[in-house]
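This report refers to the structure that appears directly beneath it.
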Protein chains: 2
Amino acid sequence: MPQAKQQKRNSRLDQLLDAAASHFAAKGYRETTIREISGDVGMLPGSVYYHFPSKHELLLAVYEQGVGRMLQRIEKAPGIDSNDPWKRVEATLVAHLDAILDQSDYARVLISVRPDQVPEVADDLKALRDRYEARFASHIDALTLPPDVDQRLMRLMLIGAANWSQIWYRPNGQSPAEIGKAFVDLLRKPLDPSS
Amino acid sequence: MPQAKQQKRNSRLDQLLDAAASHFAAKGYRETTIREISGDVGMLPGSVYYHFPSKHELLLAVYEQGVGRMLQRIEKAPGIDSNDPWKRVEATLVAHLDAILDQSDYARVLISVRPDQVPEVADDLKALRDRYEARFASHIDALTLPPDVDQRLMRLMLIGAANWSQIWYRPNGQSPAEIGKAFVDLLRKPLDPSS
DNA sequence: GTCTATAATGTGATAGAC
DNA sequence: GTCTATCACATTATAGAC
């Protein structure tokens, strides 16, 4: 790569990342071709390799951007500094849902492209996923729960439900904020009157 | 296809389906080659096309098998005829988790190969998914819930949490039955003492 | 029903001019 | 930094012998 870091936004390199993220998110890694990506930014296929040494390194760069953005989004989420720990969990979850449902192709790539599908960088992709999830987990594990509750399973349930929403979410239905609040409330409040 | 239906188990055709399911589940559709599948059953690549007209029709056949097996599994799940509706939900969920976590490559394909990744049969794959989920939903929607609860979101939360477990599940950890019970209990019982 | 041979295509990637 | 030209390769799929 030509410049180490801190290239200004909307540089040629960023355009490539954006185009790659868009296609990876919509169709998957293998289904996306270098030709499509380069075409989107008005470049010829060969030129891409001046910026990235290979297709999988391009995916890795998208993943890195994605993790960075999602971490930022969580830290800045409205309500993340609330005194109520359940509010903080809800804020974290809504920020996550916002990212993967509405806005960023980068976030969607994190969810839909599985590390195993790209052996050359599988370990790096996994590490990036773990880094994000650890941060996410730290907000959820701050809750004080009844002693018989498996906190890890609770967190995985929440993350799983959220990530899967990418499959059924439609923009004209409930908002990410509504969905997030509903998921958290389903955990907080009892559904079974006899329990 | 040579025979319309009802070929006996372990016919050559079934071996092909098994091999295909195994690879699709482990690596994805695109990442799997006809060579690998044919090799597994001691056949040459070209011979596969006597049994299936194309790779995506082979995937479709795997999907169909998968849906059939998962539906069967739900109907026969222990506890599915319980008088307690929450027990029936748990039985349904555990049957689902059993299928996608432990046993069947066919079930895993249903979860991990997204219809959009195979445009030629995307609509058929979606229809098969819907058929299964409708059956699943009928068991869950039989619950009587508090009026302020969105039953659809509750169901989607459960399915999402279950499907996502494929990402983090390890055979030496909690069993599918334990995970399923935990998920259902997290919904039934309140986590927040002040609520 | 399977094999041999091969067609047809699309792909990631490279070398070197500009 | 981009383009031109192209390589090298893997893949799905087909035609026809056995």
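Chain naming here is simple, since letters A, B, ... match the order of the sequence lines and numbering starts at 1 in each.
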Go through the structure and list residues passing ring pair (Phe, Tyr, Trp, His ring centres under 6.0 Å) with [X], not counting sequence neighbours.
X: B:Tyr169; result: none
X: B:Phe183; result: none
X: A:Tyr63; result: none

Results of side chain to side chain contact (heavy atoms under 4.5 Å, CB included) for B:Gln72 - residues two or more places apart only: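 Per chain and number, B:Gln72 pairs via side chain to side chain contact (heavy atoms under 4.5 Å, CB included) with B:Lys76.
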Non-neighbouring partners of B:Lys55 that pass side chain to side chain contact (heavy atoms under 4.5 Å, CB included), sequence neighbours left out: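 Partners of B:Lys55 by the side chain to side chain contact (heavy atoms under 4.5 Å, CB included) criterion, ordered by chain and then number, come out as B:Phe24, B:Tyr29, B:Ile34.
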Short of 4.0 Å, heavy atom to strand atom, which residues of residues 21-33 of chain A count as contacting DNA chain C?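 The answer is A:Thr32, A:Thr33.
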Kindly list each side-chain donor-acceptor pair under 3.5 angstrom involving residues 78-91 of chain B, sequence neighbours excluded, with atom names and distances?
from: B:Ser82; atom 1: OG; to: B:Asp84; atom 2: N; distance (Å): 3.0
from: B:Asp84; atom 1: OD1; to: B:Trp86; atom 2: N; distance (Å): 2.9
from: B:Arg88; atom 1: NH1; to: B:Ser82; atom 2: O; distance (Å): 2.9

Where each residue is assigned the nucleotide of DNA chain D containing its nearest heavy atom, which of B:Arg35 and A:Arg35 is assigned the position nearer the 5′ end?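 Residue closer to the 5' terminus by nearest nucleotide: A:Arg35.
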Using whole Å, report how far [atom1] of [X] lies from [atom2] of [N].
X: B:Lys55; N: D:dA10; atom1: NZ; atom2: P; value: 15 Å
X: A:Leu16; N: C:dG12; atom1: CG; atom2: C1'; value: 15 Å
X: A:Glu120; N: C:dA13; atom1: CD; atom2: P; value: 8 Å
X: A:Ile37; N: C:dT11; atom1: CD1; atom2: P; value: 11 Å
X: B:Asp14; N: C:dG1; atom1: CG; atom2: P; value: 13 Å
X: A:Ile34; N: C:dG12; atom1: CD1; atom2: P; value: 5 Å
X: A:His56; N: C:dT11; atom1: NE2; atom2: P; value: 18 Å

Can a side-chain donor-acceptor contact be found between B:Gln174 and A:Asp150 if the only test is distance below 3.5 angstrom?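 Looking only at side-chain atoms, B:Gln174 and A:Asp150 do form a donor-acceptor pair, the distance falling under 3.5 Å.
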Between the side chains of A:Arg155 and A:Gln151, does any donor sit under 3.5 Å from an acceptor?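 Short answer, no.
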Mind listing the N/O atom pairs, protein and nucleotides 16-18 of chain C, below 3.5 Å?
none

Does a nitrogen or oxygen in the side chain of B:Tyr49 sit under 4.0 Å from OP1 or OP2 of D:dT14?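 Result: no.
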List in chain and number order the residues that pass salt bridge (Lys or Arg N to Asp or Glu O under 4.0 Å) with A:Asp105, two or more places apart in sequence or in another chain; answer none if no residue qualifies.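 For A:Asp105, the residues satisfying salt bridge (Lys or Arg N to Asp or Glu O under 4.0 Å) (neighbours in sequence not counted) are A:Arg108.
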Salt bridge (Lys or Arg N to Asp or Glu O under 4.0 Å) with A:Asp102: which residues, sequence neighbours excluded?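 A:Asp102: no salt bridge (Lys or Arg N to Asp or Glu O under 4.0 Å) contacts found.
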Donor-acceptor pairs under 3.5 angstrom involving side-chain atoms of residues 136-147 of chain B: please list them, not counting sequence neighbours.
from: B:Ser138; atom 1: OG; to: B:Arg135; atom 2: O; distance (Å): 2.7
from: B:Ser138; atom 1: OG; to: B:Arg135; atom 2: NH1; distance (Å): 2.6

Please list, for nucleotides 2-4 of chain C, all pairs of protein and nucleotide N/O atoms separated by less than 3.5 Å.
from: C:dT2; atom 1: OP1; to: B:Arg12; atom 2: NE; distance (Å): 2.4
from: C:dT2; atom 1: OP2; to: B:His51; atom 2: NE2; distance (Å): 2.7
from: C:dC3; atom 1: OP2; to: B:Leu44; atom 2: N; distance (Å): 2.8
from: C:dC3; atom 1: OP2; to: B:Ser47; atom 2: OG; distance (Å): 3.0

